[in-house]
There are 2 protein chains.
Amino acid sequence: MQQSVSSFRRKAVCSNCRLRELCLPVGLSAGEMQRVDDISHLKRGYARGDYLYRSGDKFQSLYAIRKGSFKTQVLHEDGREQVTGFQMTGEIIGLDAICTDHHTCDAVAMESSEVCELPFNKLEALSRELPSLQRHLHKIMSREIVRDQGIMLLLGSMRAEERLAAFLLNLSQRLAARGLSPTQFQLRMSRQEIGSYLGLKLETVSRAFSNFQDNGLISVRARAVELLDLPGLRTLIGKQQ
Amino acid sequence: MQQSVSSFRRKAVCSNCRLRELCLPVGLSAGEMQRVDDISHLKRGYARGDYLYRSGDKFQSLYAIRKGSFKTQVLHEDGREQVTGFQMTGEIIGLDAICTDHHTCDAVAMESSEVCELPFNKLEALSRELPSLQRHLHKIMSREIVRDQGIMLLLGSMRAEERLAAFLLNLSQRLAARGLSPTQFQLRMSRQEIGSYLGLKLETVSRAFSNFQDNGLISVRARAVELLDLPGLRTLIGKQQ
DNA sequence: TGACCGGTTTGATATATGTCAAAATTCATG
DNA sequence: CATGAATTTTGACATATATCAAACCGGTCA
């Protein structure tokens, strides 16, 4: 299942993977962009539940999500597992694996998805030639560190409803950045997965959703969410105790 | 206070900052090592409480801790602050700032400390020339991402005593890697700071310490800690509920 | 040495979230 | 459209951790 995926290489065609719009939007000339395209190749046909990679897999490539979305999760020895992130179109996935040459988490498709595979050796070689690519790669890695710190803050010092509000606002902002509706969307993940990500039990997540709805902040039916009061959600965050 | 620090440049002297032993232990020839030394310079005289950098400061350099230890902390708008890490000798600090060109957290000395400043532009230029340096830099950034994911797991799914056990074992392991006693050491941080890092209140941290002591796992008096039963501490982690 | 002062420990109590269980809803399938 | 499985919601109750408060300790400075 994991490998039931067709893989194309179209050396000649620019924006093979639409990297331009996706993950490398800055500072590269058309010619430089072409060279990144040349080393990347498209992988299509990931269905909900398919693994992009598994914890322990040999590290070869980074992946730019071209369509769809993935979740990443780490498994503790004792069976506990935790979702460490939800990634959507345009985001880069696989950075965790560089340090050990093996992936440290699973990446699982949450819907029908496509990715651009970026062989890391080639990406490194190219970034030695192209300083702006090099800098961009560093920024992507740094952004991941900052993102993780934000989640640490969330997990370490926010209460349940603050966490959910922060989560919804973050989703909203990322959708907006992609030109999608920032107030009306379909969640791709279950209450269980949201809870795992936010360090909460699924019942707590569900109650927080209901509570937001009762207070007119959102409208929610199963996975269909509408954010009715963005400022209201924002002020929720930071309410100590 | 922050800038009451003397800064030396010793171009000619190799291992200016003992980078060899510190943070770049692999894959570089002596000559290559020398070139890293050449771009770095030592900054000494940080006392407990001194800032290495503050959130918002312009990003210029990474820092390799040469002596002593630092904590990093992020501040939420509403005044909440959270410790995101404790860094000790040989560790690299400042990676968060690359993505925005500004630091996103404070770095504060926890004791008398020294660092090697590594101007990032020069480090990037050099790593374009030296593939093994480039790879090493990527590994350092990736390791930080993996470390953060571990903390997310800790904050998201461990209970108070598991968190403290994980914290103590992590300290122990890092001390061992530096040839220091892994079972007997002086904590550099307060219960408050440990609590902030672990997402707990200081009283909860204190109770967990006492509890470990009552169970013969550790011996603790204020900041002096002795780990008496490492396997016991390890089995503590993973005890669901 | 003594007296402070910040940090730490301990106790009593409150509360947010977890747990368990059942009902309700949504989704997939034939 | 009907059936059943999976997910979500809701309720009652349990519990881990937070909160508040007081006592205790250890290092610092006169």
Side-chain angles (χ1 to χ4, degrees), chain A residues 47-49 71 80 82-83 110-112 154-168 186-215 218-226 236-241, chain B residues 47-49 71 80 82-83 110-112 154-168 186-215 218-226 236-241:
Chain A
R48 178 169 177 80
K71 65 171 176 178
R80 266 180 297 199
Q82 173 149 356
V83 173
M110 295 201 297
E111 61 189 306
S112 174
L154 179 146
L155 292 171
S157 61
M158 288 187 185
R159 291 166 324 100
E161 294 186 357
E162 296 181 81
R163 295 185 199 187
L164 186 63
F167 170 71
L168 291 172
Q186 200 73 17
L187 295 171
R188 295 270 111 92
M189 65 293 280
S190 69
R191 299 291 186 263
Q192 156 80 262
E193 289 169 323
I194 295 172
S196 173
Y197 179 62
L198 298 178
L200 301 169
K201 294 294 159 181
L202 66 94
E203 296 94 331
T204 306
V205 174
S206 177
R207 275 184 243 274
F209 268 120
S210 300
N211 189 2
F212 285 176
Q213 178 157 250
D214 295 347
N215 287 100
I218 69 171
S219 155
V220 54
R221 221 174 77 243
R223 300 203 181 177
V225 176
E226 181 172 11
L236 238 172
I237 303 173
K239 291 264 183 291
Q240 304 263 30
Q241 103 138 298
Chain B
R48 177 169 178 79
K71 66 171 176 179
R80 266 181 295 202
Q82 174 148 355
V83 172
M110 295 200 297
E111 61 189 305
S112 174
L154 179 146
L155 292 172
S157 61
M158 288 188 185
R159 290 167 324 99
E161 295 187 356
E162 296 181 81
R163 295 185 200 187
L164 186 63
F167 171 70
L168 291 172
Q186 199 74 17
L187 294 172
R188 296 268 109 94
M189 64 293 278
S190 68
R191 301 290 185 264
Q192 156 80 263
E193 289 169 324
I194 296 172
S196 172
Y197 179 61
L198 298 178
L200 302 168
K201 292 296 159 180
L202 66 95
E203 296 95 328
T204 306
V205 174
S206 177
R207 276 184 242 273
F209 268 119
S210 301
N211 189 4
F212 286 177
Q213 177 157 252
D214 295 348
N215 288 99
I218 69 172
S219 155
V220 54
R221 221 175 77 247
R223 301 206 181 174
V225 176
E226 181 172 10
L236 238 172
I237 302 174
K239 292 264 184 294
Q240 305 262 30
Q241 104 134 298

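Everything numeric here is computed off the predicted structure, so don't read it as measured data. The chains referred to below are lettered A, B, ... by the order of the sequence lines, with proteins before strands, and numbering in each begins at 1.
Distances shown here put a side-chain N or O of B:Arg223 below 4.0 Å from the OP1 or OP2 atom of C:dT8. Distances shorter than 4.0 Å separate some side-chain N or O of A:Arg221 from OP1 or OP2 on C:dT26. Taking 4.0 angstrom as the limit, B:Arg191 places a side-chain polar atom (N or O) nearer than this to OP1 or OP2 of C:dT9. The phosphate of D:dA18 has OP1 or OP2 within less than 4.0 Å of a side-chain N or O from B:Thr204. Between A:Ser206 and D:dT10, a side-chain N or O to OP1/OP2 separation shorter than 4.0 Å is absent.
With hydrogens and angles disregarded, no donor-acceptor distance shorter than 3.5 Å links the side chain of B:Arg223 to the backbone of B:Arg191. A donor-acceptor distance shorter than 3.5 angstrom exists from the side chain of B:Ser196 to the backbone of B:Val83, with no hydrogens or angles considered. A donor-acceptor contact shorter than 3.5 Å is absent between the side chain of A:Arg188 and the backbone of A:Met110. In this structure, B:Gln213 contributes its side chain and B:Val220 its backbone to a donor-acceptor pair below 3.5 Å.
With distances taken from any side-chain atom of B:Val220 to the nucleotides C:dT9, C:dT17, D:dT17, the minimum falls on C:dT9. Comparing atom distances between the A:Lys201 side chain and each of C:dT26, D:dT19, C:dT19 picks out C:dT19 as nearest.
Across the protein-nucleic acid pair, B:Asn211 atom CG and D:dA16 atom P stand 12 Å apart, rounded to whole Å. A straight line from CD of B:Gln213 to P of C:dT8 spans 15 Å, rounded to a whole angstrom. The CD-C1' distance, from A:Gln186 to C:dT26, rounds to 11 Å in whole Å. Taking atom CD of residue B:Gln192 and atom C1' of nucleotide C:dT9, one finds them 15 Å apart after rounding to whole Å. B:Ile194 has its CD1 atom 11 Å from the C1' atom of C:dT8, to the nearest Å. Here the C1' atom of nucleotide C:dT17 and the CG atom of B:Leu200 are 15 Å apart, to the nearest Å. When rounded to the nearest whole Å, the span between CZ of A:Phe212 and C1' of D:dT9 equals 16 Å. B:Arg48 places its CZ atom 11 Å from the C1' atom of C:dG7, with the value rounded to the nearest Å.
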Table of protein N/O atoms under 3.5 Å from nucleotides 11-13 of chain D N/O atoms:
| from | atom 1 | to | atom 2 | distance (Å) |
| --- | --- | --- | --- | --- |
| D:dG11 | N7 | A:Arg207 | NH1 | 3.0 |
| D:dG11 | O6 | A:Arg207 | NH2 | 3.1 |
| D:dA12 | N6 | A:Arg207 | NH2 | 3.4 |

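With rounding to the nearest 0.5 angstrom, the CZ atom of A:Arg159 is 8.5 Å from the CG atom of A:Leu236.
Contact check for B:Leu155 versus B:Arg163: side-chain heavy atoms found under the 4.5 Å cut-off.
B:Leu202 comes within contact range of at least one nucleobase, with a heavy-atom separation under 4.0 Å. Residue-level contact check: B:Gly199 touches the backbone only, with heavy atoms under 4.0 Å from sugar-phosphate atoms and none from bases.
Along DNA chain D, the nucleotide nearest A:Phe209 and the nucleotide nearest B:Met158 are compared for position; the residue whose nucleotide lies closer to the 5' end is A:Phe209.
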Show the numbers, then the answer: is there a side chain to side chain contact (heavy atoms under 4.5 Å, CB included) between A:Ile194 and A:Leu187? CA-CA 10 Å; A:Ile194 295 172; A:Leu187 295 171; 4.1 Å; yes
Let me see the working for B:Met189 and B:Lys71 under side chain to side chain contact (heavy atoms under 4.5 Å, CB included), right down to the final yes or no. CA-CA 9 Å; B:Met189 64 293 278; B:Lys71 66 171 176 179; over 6 Å; no
